[in-house]
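Counting convention: from 1, in listed order, for ligands and their atoms alike. Quick note: residue numbers are just sequence positions, from 1. Everything numeric in this text was worked out from a predicted model, so none of it was measured.
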Amino acid sequence: VDEREAMTRALDLAWRGWGRVHPNPLVGAVVLAGGHPVGEGWHAELGDRHAETVALAAAGERARGATMVVTLEPCAHAGRQPPCTEALIRAGVRRVVAALSDPNPVAAGGAARLSDAGIEVEVGLLADAAAAQNAVFLHRMRDRTRPFVALKLATTMDAKISDANGNSRWISGEVARDYVHWLRAGFDAIAVGGVTARTDDPELTVRGDLRPRVAPVRVVFASDADLPTSLTLVRTAAEVPTVAVVGELASARLVESLEASGVEVERVGDLRTALAKLRARGIDSLLVEGGGRLAGALLADGLVDRYYWVQSPLWVGAGGTPAMAGLPSVHLANAGRWTVVERRALGQDTLLVLDRS
Ligand SMILES: NC(=O)c1ccc[n+]([C@@H]2O[C@H](COP(=O)([O-])OP(=O)(O)OC[C@H]3O[C@@H](n4cnc5c(N)ncnc54)[C@H](OP(=O)(O)O)[C@@H]3O)[C@@H](O)[C@H]2O)c1
């Protein structure tokens, strides 16, 4: 096993913290001795041991003179856990290979501390993959104005998200739907547009195998605040925190009715302000699950960081809801090309994960 293969393994291990460690980063680690993995670990629970400490414990004495391969620069500060740098020095590790520098000013400085202690340090192996994995964490450190915004849509071959009658259940298959429940578990909030809330009456809860540490908040963008109290989102607002983002002209009577049901209401003039309000509520990541008009409005304003695109092998033809409505016309030469972060099969569907470049 070379260092690159060990880093790939460390990235795989890091995913095991999805839904459990945020706002901390996902971190995985592998201890390599003489080309053999002798210990592995991952950050499994917020406040619990860091990946490096778990991997060192698994390696025991074999860590002496070994290489620590880890997806994030080891931390140099005492937070809920003691600094990993000191554990690495004590264990007698000879070399540390990290994918990413720690952008957190509080925890950074690990590489320098290790070098000072005579440990060889290299940062940057599979950095792009590690950055994509920790996109929410990196965004949180760099941009304090709005959450990381991911769009998720299941579309037909002809780029529709419902048929002419508004039916969208189900475009994607079961494997893709299970994946979406896993995906939801790692976000602070799940959002839909007003039409989707009224047409599909979704629950927007996590109902897969992975239990999120904190259940995501639900957000509905409904300019006119027209969300009947019979909707599941409104009916269950006392159990699952639910925020309605409404326009400045929304009727006071409808707003009062929502508030009486336990829905928290944000009255805003535009999407950027709406996102700023959500961030101020502590929402660092938002998964927007449609519909097409909300998707188009966010894209047009440059407010989408990532697109989880589930492509399904069927078409519904004229009258279906377009996946992205209202986008302005862009000259091909100026159209920004997104970066493919992941592509894989989900049963008969295909997942394509794209990041805005
Ligand atoms: N396949 C999928 O992945 C998927 C996902 C979601 C939905 N769907 C389907 O998509 C259909 C609904 O999509 P849709 O495009 O008609 O509607 P939509 O995007 O769900 O909702 C549009 C509504 O969002 C609200 N909104 C608030 N701020 C906005 C802004 N700045 N810009 C634009 N809209 C804003 C408005 O609510 P008000 O009307 O209250 O003013 C607007 O009418 C349904 O048939 C649903 O089944 C499919």
For ligand 1, give me the residues whose heavy-atom distance to it is below 4.0 Å, by chain and number please.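 Answer by chain and number: L153, A154, I161, S162, G166, S168, I171, G193, G194, V195, T196, R198, T199, D200, F221, A222, S223, D224, L271, E289, G290, G291, G292, R293, L294, A297, T321.
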Any donor-acceptor pair under 3.5 Å linking the side-chain atoms of [Y] with those of [X]?
X: S162; Y: T321; value: yes
X: D48; Y: H43; value: no
X: R218; Y: T236; value: yes
X: S312; Y: D349; value: yes

Which other residues end up in the same hydrophobic cluster as V38, if Ile, Leu, Val, Met, Phe, Trp and Tyr are linked when side-chain heavy atoms come under 4.5 Å apart?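 V27, V31, L56, M68, V70, L72, L88, I89, V93, V96, L100, L114, I119, V121, V123, F137, L138, M141, all in the cluster of V38.
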Give me the ring orientation class for W18 and W182: parallel if the planes are under 30° apart, tilted from 30 to 60°, perpendicular past 60°. parallel
